[in-house]
Number of protein chains: 2
Amino acid sequence: MRKPKHKTVERLLKYLEYVKKKMNDGNMSVFSHELAKYVGVSPAQVRQDLMDLEIKGTPQSGYSVEEFFNAICSHLKCERKTKVILIGVGNLGKAILSYFLKRKSTLEIAAAFDSDAQKTGRIFSGTPILNIEEVEKYIKRERIKVAIITTPQESAQRIADLLVRAGIRSIVNFAPVMIQVPENVFVEQIDITLSIEKAAYFADETLEAK
Amino acid sequence: MRKPKHKTVERLLKYLEYVKKKMNDGNMSVFSHELAKYVGVSPAQVRQDLMDLEIKGTPQSGYSVEEFFNAICSHLKCERKTKVILIGVGNLGKAILSYFLKRKSTLEIAAAFDSDAQKTGRIFSGTPILNIEEVEKYIKRERIKVAIITTPQESAQRIADLLVRAGIRSIVNFAPVMIQVPENVFVEQIDITLSIEKAAYFADETLEAK
DNA sequence: AATTAAAGGTTAATAAATAAACAGGAGGGT
DNA sequence: ACCCTCCTGTTTATTTATTAACCTTTAATT
């Protein structure tokens, strides 16, 4: 079976959420059109995804939620939660921390870091906020491999350098600058402003078409 | 010339940013490899994008920033800023407001709305925060067509209904629920938690590959 | 004057993502 | 027993996105 690509991984993560809900509600099975509606894609798309994962269903009862859950988890390697850290407890950082608190995610934000002494030493949304000076020690001790940067633009590169030196292998960067890292470090750049601009563009498109 | 698709629009918006910088610095021209590095794609990709926009360059001086700027602006229809509103001035809402303040965007957040009387009546990051009860009047008076939802999950659907009733034609929704809207309303769902989970997944992938 | 290097323009090839189409089996009703 | 409907499994087609390859131009160099 071939590895899932970007869009597929997105959908699988969404399916996983829905399936968890169904399990909590005591359901034993789920249909492709339910998943399709929840995720916002066509049922055909769902079926094809599930085919790739080699999950079988029946026309009568759809797919077994248990089998489904296990299959996705093993493909996404999310049996045990990956520990990540977050740097920069500003508005965006706080927003992310509280999102993770509410949602049972495949990840766990083990700690957050900031340079502002007013923020450090407290717990926010269940996550301890530590001083940025401790981050290197922390990464090494806890063997953290993934970090989220939500600092201001100006500090992003400096923080990235620090993280890489300490052993971080992959970074999710929300600061609106391209950070430069060694080749063997993975970076995912997420630009919220741009996402909104894009949405607005396509909004216009569809308005005109009607 | 055919209309730019999703990924292309993303890149064009990034090019635009870089070109603005170059113009501010007094540069007259820009090369494909510069843009490529800034945006994180191959120079070939850049050239192809520019070809589609019918922007011509020369091997010696690359592309004219002015021509470039005008071409992108006209294709993205961003000559005059589109006014949008934001609902929900929590952590994420504030983060977005401050991002837009710093960055010269193609959009302008004309007003923000919240139900908390402690927040309303003030100005945050240059944007007035009004009471949610005024939103319908505001949308109609200012003919706003695009709205950003950054409320808690629980209120998202209710707010969406309200917005649609008031005349909003397209919504960027950050609340982690699929909102249901009439067919003629455009919705862009942005799930930050999911983006991070996805990034973590591909991080793992690349780690293993090495 | 010829050569080389750097950068753009174009076309073709490949890969990824999405959509469409259709056969087959199990229930349920007549 | 027959037909109808619903939903799955699979295949094929189509559209989007990305990459690679190759040619051309022009300035600098030898």
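In what follows, chains are A, B, ... by sequence order, proteins preceding strands, each numbered from 1. The structure presented is a predicted model; accordingly, all values stated were derived computationally and were not measured.
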When rounded to whole Å, the NZ to P distance for the pair A:Lys5 and D:dT19 reads 12 Å
Any side-chain donor near an acceptor of the partner, B:Gln48 and B:Asp52, under 3.5 Å:
no
Spacing of A:His33 atom NE2 relative to D:dT5 atom P, expressed in whole Å:
17 Å
Please determine whether a side-chain nitrogen of the Lys or Arg among B:Asp191 and A:Arg103 lies less than 4.0 Å from a carboxylate oxygen of the Asp or Glu.
yes
Give the rounded distance in Å between these two atoms: CD of A:Gln45 and P of D:dG9.
15 Å
Is it true that A:Glu17 and A:Lys21 make a salt bridge, defined as a side-chain N closer than 4.0 Å to a carboxylate O?
no
Distance in Å, B:Ile148 CD1 paired with A:Ile196 CD1, rounded so as to fall on 0.5 Å steps
4.0 Å
Carboxylate-amine/guanidinium proximity below 4.0 Å for B:Glu10 and B:Lys14
no
Could you give the start and end, 5' to 3', of the contact zone on DNA chain C for chain B, using atoms under 4.0 Å from its heavy atoms?
C:dA7 to C:dA12
D:dA17 P sits how many Å from B:Lys3 NZ, rounded?
15 Å
OP1 or OP2 of D:dT10 under 4.0 Å from side-chain N/O of A:Lys56
yes
A:Phe202 and B:His6 aromatic ring geometry - parallel, tilted or perpendicular at 30°/60° bounds
parallel
Base D:dT11 paired with A:Gln48 side chain (donor-acceptor, <3.5 Å)
yes
Expressed as a whole number of angstroms, how long is the span from A:Asp52:CG to D:dG9:C1'?
12 Å
Under 4.0 angstrom, heavy atoms only, what part of the nucleic acid is B:Ser32 near: base, sugar-phosphate, or nothing?
sugar-phosphate
Check A:Lys56 with A:Glu67, please: is the shortest side-chain N to carboxylate O separation under 4.0 Å?
no
Show the numbers, then the answer: is there a side-chain contact (heavy atoms from CB on, under 4.5 Å) between B:Val89 and B:Thr127?
CA-CA 11 Å; B:Val89 188; B:Thr127 307; over 6 Å; no
Whole-Å distance separating the CE atom of B:Met51 from the P atom of D:dA17:
15 Å
Over how many whole Å does the gap from B:Gln60 atom CD to D:dT25 atom P extend?
12 Å
In this structure, OH of B:Tyr18 is separated from CZ of B:Phe68 (nearest 0.5 Å) by 10.5 Å
Select from B:Arg47 and A:Pro59 the residue whose nearest nucleotide in DNA chain C is closer to the 5' end of that strand.
B:Arg47
Members of residues 7-21 of chain A that approach DNA chain C, where some heavy atom sits under 4.0 Å away
A:Lys7, A:Arg11
